[in-house]
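Everything below concerns the one structure shown next.
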There are 2 protein chains.
Amino acid sequence: MKQEVESMLKSKEINPTVNRMLVLDYLLELKSSISLTDLELSLESFDRVTLYRTLKTFEERGLVHKIEDGMGITKFAICQDSCKAGMHHDLHVHFYCHNCKQTFCLPKTQIPEVKLPENYQRQEMELIVKGICSACAK
Amino acid sequence: MKQEVESMLKSKEINPTVNRMLVLDYLLELKSSISLTDLELSLESFDRVTLYRTLKTFEERGLVHKIEDGMGITKFAICQDSCKAGMHHDLHVHFYCHNCKQTFCLPKTQIPEVKLPENYQRQEMELIVKGICSACAK
DNA sequence: ATAAAAATTGCAATACAGTTGCATGCTGTT
DNA sequence: AACAGCATGCAACTGTATTGCAATTTTTAT
């Protein structure tokens with residue numbers, strides 16, 4: 001497992017330090033996305049700034065993507081399916097749970113072209129669905 | 001004009017103070033949405049906190065809605081068409097311009113049901129389209 | 001019209017996410 | 001071992017959001 005994490009980092013040209021391997025490992029296990037603050041609480045062994053810079057590096061190298069959760073909080077998640085398909089900067093569909101405050105990446109959904117006013121140029125889209133997740137619905 | 005602004009406030013059960021009338025008047029003229037900071041810069045006569053509370057009151061009474069612009073900044077805009085149709089808390093489509101950083105409310109667009117995982121409950125949706133607005137495209 | 005009550009406003013202060021600079025420490029190389 | 005280069009931690013700063021409280025304005029009841 002450690003090997004896998006290490007080679008993932010290397011393949012993105014990121015030095016596999018202890019910190020980075022821990023963070024990546026944690027993110028891989030994670031089923032939703034996470035904010036810097038929550039990451040700090042989960043991995044207390046490292047300084048907030050270090051984690052901040054780790055996430056920033058990961059994002060720059062295309063290992064994770066940044067999510068605005070629709071409530072003003074920035075979260076990070078491992079790039080999945082759609083990202084791998086080269087959609088990294090195109091379309092994101094996320095689900096925000098009002099109860100547990102978690103943000104989940106939803107499987108890619110077809111969204112029709114949005115009719116823009118004259119001369120508007122579309123570059124990216126973000127769709128945030130808010131509600132209650134299955135775990136909280138029980 | 002002042003009469004109109006005043007009666008708008010009264011109809012929402014908001015005391016029509018000088019501050020509130022100025023803010024509402026300003027928002028009515030506005031073609032896009034505005035952040036607290038930008039409002040503060042535009043209406044220097046009032047304290048930031050007062051404007052903050054004014055916007056909060058307006059939002060609570062359904063006069064404006066809050067927008068996460070997709071870049072982590074909260075903005076406010078007068079509720080338009082779709083809001084009036086009782087959609088206030090249902091679906092918002094906004095356009096964020098990477099160049100001028102403005103966020104525009106887009107005319108209501110049909111968005112199909114997003115397929116949610118088992119047992120997820122949808123309450124609201126927010127669609128942010130990012131790109132270049134017509135004014136900046138020139 | 002006036003006084004009391006209630007609501008609004010301004011100032012100060014706090015909370016917190018995000019960010020940067022710099023000194024220290026670790027890693028790998030010659 | 002000495003050096004270069006990157007990584008990390010600490011302190012500090014920015015900017016937005018938010019609250020408490022005292023002062024002021026507005027409303028309400030006489």
Next on the checklist: Are B:Ile34 and B:Phe46 linked, directly or through intermediate hydrophobic residues, by side-chain heavy-atom contacts shorter than 4.5 Å (ILVMFWY only)?
Outcome noted: yes
Next on the checklist: Taking any heavy-atom pair under 4.0 Å as a contact, classify B:Thr37: base, sugar-phosphate, or nothing.
Outcome noted: sugar-phosphate
Item to check | Interatomic distance where CD belongs to A:Glu59 and C1' belongs to C:dT19 [whole Å] | outcome: 14 Å
Next on the checklist: What is the separation between atom CD on A:Glu60 and atom P on D:dA7, rounded to the nearest whole Å?
Outcome noted: 12 Å
Item to check | Carboxylate-amine/guanidinium proximity below 4.0 Å for A:Glu126 and B:Lys130 | outcome: yes
Item to check | Gap between atoms CG and P, on B:Leu36 and C:dG10 respectively (whole Å) | outcome: 13 Å
Item to check | Spacing of A:Ile67 atom CD1 relative to C:dG18 atom P, expressed in whole Å | outcome: 13 Å
Checklist entry - With a 4.5 Å heavy-atom cut-off, do A:Thr54 and A:Thr17 have their side chains touching? => result no
Checklist entry - Which residues, ordered by chain and number, are linked to B:Leu41 in its hydrophobic cluster, where ILVMFWY side chains connect at heavy-atom gaps below 4.5 Å, directly or through other members? => result none
Next on the checklist: Tell me the interatomic distance from A:Glu6, atom CD, to C:dT27, atom P, rounded to whole angstroms.
Outcome noted: 13 Å
Next on the checklist: Looking only at side-chain N and O atoms, does B:Thr74 offer a donor or acceptor that is under 3.5 Å from a partner on B:Glu68?
Outcome noted: yes
Next on the checklist: For A:Arg53 and A:Val49: C-alpha separation, side-chain torsions, deciding distance, then whether side chain to side chain contact (heavy atoms under 4.5 Å, CB included) applies.
Outcome noted: CA-CA 6 Å; A:Arg53 286 194 267 234; A:Val49 177; 3.1 Å; yes
Next on the checklist: What is the distance, to the nearest angstrom, from the CD atom on B:Glu44 to the C1' atom on C:dG10?
Outcome noted: 16 Å
Next on the checklist: Near DNA chain D, counting only heavy atoms under 4.0 Å, which residues of residues 69-76 of chain B show up?
Outcome noted: B:Thr74
Item to check | For atom CD of A:Glu40 and atom P of D:dC10, their distance in whole Å | outcome: 12 Å
Checklist entry - At under 4.0 Å, does any side-chain N or O of A:Asn19 touch on OP1 or OP2 of D:dT8? => result yes
Item to check | Joint hydrophobic cluster, B:Leu9 plus B:Leu39, side-chain heavy atoms closer than 4.5 Å | outcome: yes
Checklist entry - For the hydrophobic clusters of this structure (ILVMFWY residues joined by side-chain heavy atoms under 4.5 Å, transitively), does one cluster hold both B:Phe76 and B:Met21? => result yes
Item to check | Connected hydrophobic set around A:Ile128, excluding itself, where side chains approach under 4.5 Å | outcome: A:Met71, A:Tyr96
Checklist outcome for this item: Contact check, residues 9-18 of chain A vs DNA chain D, heavy-atom distance under 4.0 Å, returns A:Asn15, A:Thr17
Item to check | Nucleic acid contacts - residues 46-58 of chain A versus DNA chain C, non-hydrogen atoms under 4.0 Å | outcome: A:Arg48, A:Val49, A:Tyr52, A:Arg53, A:Lys56
Checklist entry - Do any N or O atoms from the side chain of B:Arg122 and from the backbone of A:Val129 form a donor-acceptor pair under 3.5 angstrom? => result no
Checklist outcome for this item: Residue set satisfying ring pair (Phe, Tyr, Trp, His ring centres under 6.0 Å) with A:Phe58, at least two apart, ordered chain then number -> none
